[in-house]
Number of protein chains: 2
Amino acid sequence: MTRAGVQGGGAVAPRAVDVARLAGVSQKTVSRVFNGERYVSEDVRRRVLGAAEELGYRLNSAARALASGRTRAIGVVTLGTALYGPASLLVGIERATRDAGYALRVVNTLEGEPAGIAGAVESLLDQGVDGIVVSEPIDEGPVALGVDVPVLVLGAPAEFGASRVVAAGVAAEAQARAATEHLLELGHVTVHHLAGPQRWFAARDRLTGWRAALADRDRRQPPVIEGDWSAASGYAAGRELAADGEATAVFAANDDMAIGLIRALTDAGLRVPEDVSVVGFDDIPVAAYVTPPLTTVRQQFDAMAREGLRLLVQAIEKPDAEPVPAGDPPVDLVVRASTAPPPAR
Amino acid sequence: MTRAGVQGGGAVAPRAVDVARLAGVSQKTVSRVFNGERYVSEDVRRRVLGAAEELGYRLNSAARALASGRTRAIGVVTLGTALYGPASLLVGIERATRDAGYALRVVNTLEGEPAGIAGAVESLLDQGVDGIVVSEPIDEGPVALGVDVPVLVLGAPAEFGASRVVAAGVAAEAQARAATEHLLELGHVTVHHLAGPQRWFAARDRLTGWRAALADRDRRQPPVIEGDWSAASGYAAGRELAADGEATAVFAANDDMAIGLIRALTDAGLRVPEDVSVVGFDDIPVAAYVTPPLTTVRQQFDAMAREGLRLLVQAIEKPDAEPVPAGDPPVDLVVRASTAPPPAR
DNA sequence: CTCACTTGTGACTGCGCTGTCATGTCTGCG
DNA sequence: CGCAGACATGACAGCGCAGTCACAAGTGAG
């Protein structure tokens with residue numbers, strides 16, 4: 001075969017020998033350094049690490065597994081039912097991946113973690129992958145996804161990262177717009193927005209959709225309250241809104257916040273939907289059963305995952321073919337009992 | 001090195017050459033068959049597949065990746081916040097895995113899927129793993145986990161599967177007992193149970209704990225209603241209980257069902273907790289914000305994952321060492337507003 | 001009946017690493 | 001001063017597969 005494999009961009013991935021040559025040692029010594037073996041002098045270690053850095057060397061996990069007989073991987077069997085709501089996006093990705101004949105490597109990153117998304121991507125490249133899915137990312141500034149494998153970004157603008165990125169639309173903007181319009185059509189003069197953290201692209205899209213719906217009808221845009229997706233932050237926002245007493249309709253950027261919001265309004269003696277209408281986002285499984293049942297926007301996680309993966313697999317297997325963009329999924333507003341016309345003045 | 005690697009049990013994993021020899025063909029032809037290449041006669045294909053079956057041959061994914069330059073894997077970057085509630089178990093596993101220097105391979109299986117857990121495990125073995133975690137399994141009859149890597153089973157009796165299994169206790173029984181006792185201590189004569197599907201070990205443990213708490217105090221055990229974990233099934237159960245009119249206290253096997261249950265009771269004109277008290281299980285993020293805020297048992301997903309993984313990694317790296325069993329995590333009953341003394345007669 | 005082409009198969013090689021063994025060089029101790 | 005042991009490095013083989021090329025046998029057109 002021709003050595004090209006992992007790095008598709010033309011440049012060939014450096015091997016341990018290359019590092020060895022540059023550092024003036026044997027290939028075996030490079031291996032020693034990278035495995036933290038004993039009996040390597042400090043001087044040599046530094047030279048090797050320096051050379052590796054310079055070349056952008058990355059241990060080839062397949063070769064390592066083959067030679068050592070150990071994969072350094074642990075498998076997890078999960079039951080799909082445990083992963084509902086936004087988590088079900090992962091289930092969708094898993095199934096679509098398996099159907100396409102690929103295996104899944106999962107890395108998790110928490111908001112505020114120093115390594116962040118870039119670190120997670122690094123970790124995946126170490127493991128060896130043909131493609132990467134970044135699910136619902138946050139804006140961490142200019143992330144240098146200078147990666148030579150195709151990247152699928154779910155729920156972020158296509159400009160995210162640099163090269164070889166395909167994006168699958170989520171239509172979050174249209175969905176947020178529909179939610180807002182629903183409230184306006186009920187007769188509310190304007191709609192308040194309880195936004196998600198604005199570092200999340202998903203939160204921004206929802207904010208934009210809300211703004212657009214109001215702007216279309218020349219409605220006043222009340223100040224935005226920003227939550228952190230949690231029910232607790234929704235509760236805090238609810239207290240603010242109740243104290244203010246202005247709002248008759250609120251669009252919350254996810255169901256958890258909507259539920260916390262409703263709780264705070266109820267605690268403050270306001271009735272939902274008679275005094276204040278609330279719309280959520282996601283349609284989590286309990287949304288239909290909370291009090292009152294929540295009007296919300298259903299996310300088509302499965303379709304999103306399936307469609308995105310189709311694009312990604314195509315980018316892997318037929319890099320030259322023009323990506324056939326995904327048709328936007330239909331907006332699915334589920335009207336339940338948390339919305340009603342505004343109270344008579 | 002000595003060929004032993006993947007299969008620890010002593011038997012050496014068969015290679016393509018072994019299959020080739022048995023089938024009377026070349027190694028390359030075996031490769032052809034397994035890659036579905038053109039130009040293999042039907043006769044040869046059958047012979048190869050037969051020989052492979054006989055030997056229990058499994059393509060070595062590391063060698064394949066090394067030779068072909070393609071890993072056939074796709075990486076996913078998720079943000080931890082999307083995985084809450086039971087799903088956060090996966091986050092915990094992922095972090096613990098990474099901290100231990102391992103990578104994660106995830107396979108998902110849905111209830112009722114023909115291949116089931118055994119199929120998922122097969123898929124992991126195909127990918128190549130040093131150990132396997134089965135998270136919250138269901139009883140699919142005698143699952144032959146005749147596997148040569150250590151298996152960690154979270155939330156099932158140690159007898160699950162066959163060999164090299166370590167189990168991490170979840171203390172579900174004690175937790176269910178505590179939930180039930182809480183209701184009895186409030187003065188309820190007995191406690192109804194809305195159980196999870198009994199194929200799930202987790203559901204059985206909770207049922208057992210409930211029974212034990214009642215038996216301890218010689219209380220009558222009302223008939224058990226079995227749900228499917230969903231809020232919808234909780235709602236159905238709630239209608240039954242409301243029609244019956246007997247129950248003053250219900251312990252639901254998870255929060256979703258508890259929320260559905262409360263909704264049904266409320267719809268039927270019963271007040272929670274004045275007329276009927278309800279306890280849930282899991283402490284999902286919205287539990288504190290639904291109406292009324294839910295008394296529930298908090299699951300220590302993170303601790304569970306961390307502890308279990310410690311055992312698994314030890315089984316991988318020091319197969320001979322006696323596993324140090326995990327101390328049971330403390331029971332964490334979170335009392336909120338959905339429970340109260342029974343109504344005066 | 002020949003020639004070009006399709007079909008079916010095997011020999012050989014190398015992917016990039018780790019394990020093993022050999023070979024030093026440097027200590028400290030009797 | 002000589003020798004055992006710790007320390008430091010390299011040469012070499014081989015992990016199990018897929019890619020490449022060679023080649024034999026069958027097939028249909030001219």
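Sequence lines set the chain letters: A, B, ... in the order given, protein chains first and strands last, and positions in each chain run from 1.
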From C-beta outward on [X], which listed nucleotide comes closest to its side chain: [options]?
| X | options | answer |
| --- | --- | --- |
| A:Arg15 | D:dT9, D:dC17, C:dC17 | C:dC17 |
| B:Gln27 | C:dA11, D:dA18, C:dC17 | D:dA18 |
| B:Ser68 | D:dA11, D:dG19, D:dC17 | D:dG19 |

If only side-chain N and O atoms of [X] are considered, is one of them under 4.0 Å from the OP1 or OP2 phosphate oxygen of [N]?
| X | N | value |
| --- | --- | --- |
| A:Thr29 | D:dG10 | yes |
| A:Asn60 | C:dC15 | no |
| B:Tyr39 | C:dT7 | yes |
| B:Ser41 | C:dT9 | yes |

Practice task
Select from B:Ala16 and A:Val40 the residue whose nearest nucleotide in DNA chain D is closer to the 5' end of that strand.
Solution key: A:Val40

Touch class at under 4.0 angstrom, heavy-atom based, for [X] against every strand present:
| X | value |
| --- | --- |
| A:Ser31 | base |
| A:Val30 | nothing |
| A:Arg32 | base |
| A:Tyr57 | sugar-phosphate |

Handout entry: Atom pair CD (B:Glu94) and CG (B:Leu104), whose distance is rounded to the nearest 0.5 Å
Key = 5.5 Å

Practice task
Hey, could you give me the CD/CD distance between A:Gln314 and A:Glu317, rounded to the nearest 0.5 Å?
Solution key: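 One finds 9.5 Å between CD of A:Gln314 and CD of A:Glu317.
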
For [X] and [N], give me the distance from atom [atom1] to atom [atom2], rounded to whole Å.
| X | N | atom1 | atom2 | result |
| --- | --- | --- | --- | --- |
| B:Gln127 | D:dC17 | CD | P | 16 Å |
| A:Lys28 | D:dC7 | NZ | P | 18 Å |
| A:Arg21 | C:dG16 | CZ | C1' | 13 Å |
| B:Asp126 | D:dG16 | CG | P | 16 Å |
| B:Leu66 | D:dG14 | CG | P | 16 Å |
| A:Arg72 | C:dC17 | CZ | C1' | 11 Å |
| A:Glu37 | C:dC21 | CD | C1' | 14 Å |
| A:Asp18 | C:dC17 | CG | P | 9 Å |

Problem - Minimum-distance pair of heavy atoms, taken over all atoms of A:Gly128 and A:Ser61 - result: N-OG, 4.4 Å

Problem - Closest non-hydrogen atom pair between A:Ala305 and A:Ala96, with its separation - result: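 What the structure gives for the nearest pair is O-CB, 4.3 Å.
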
Handout entry: Candidate list B:Val106, B:Leu309, B:Ile132, B:Leu124, test side chain to side chain contact (heavy atoms under 4.5 Å, CB included), partner A:Ile74, passing option
Key =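 The single option meeting the side chain to side chain contact (heavy atoms under 4.5 Å, CB included) with A:Ile74 is B:Leu309.
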
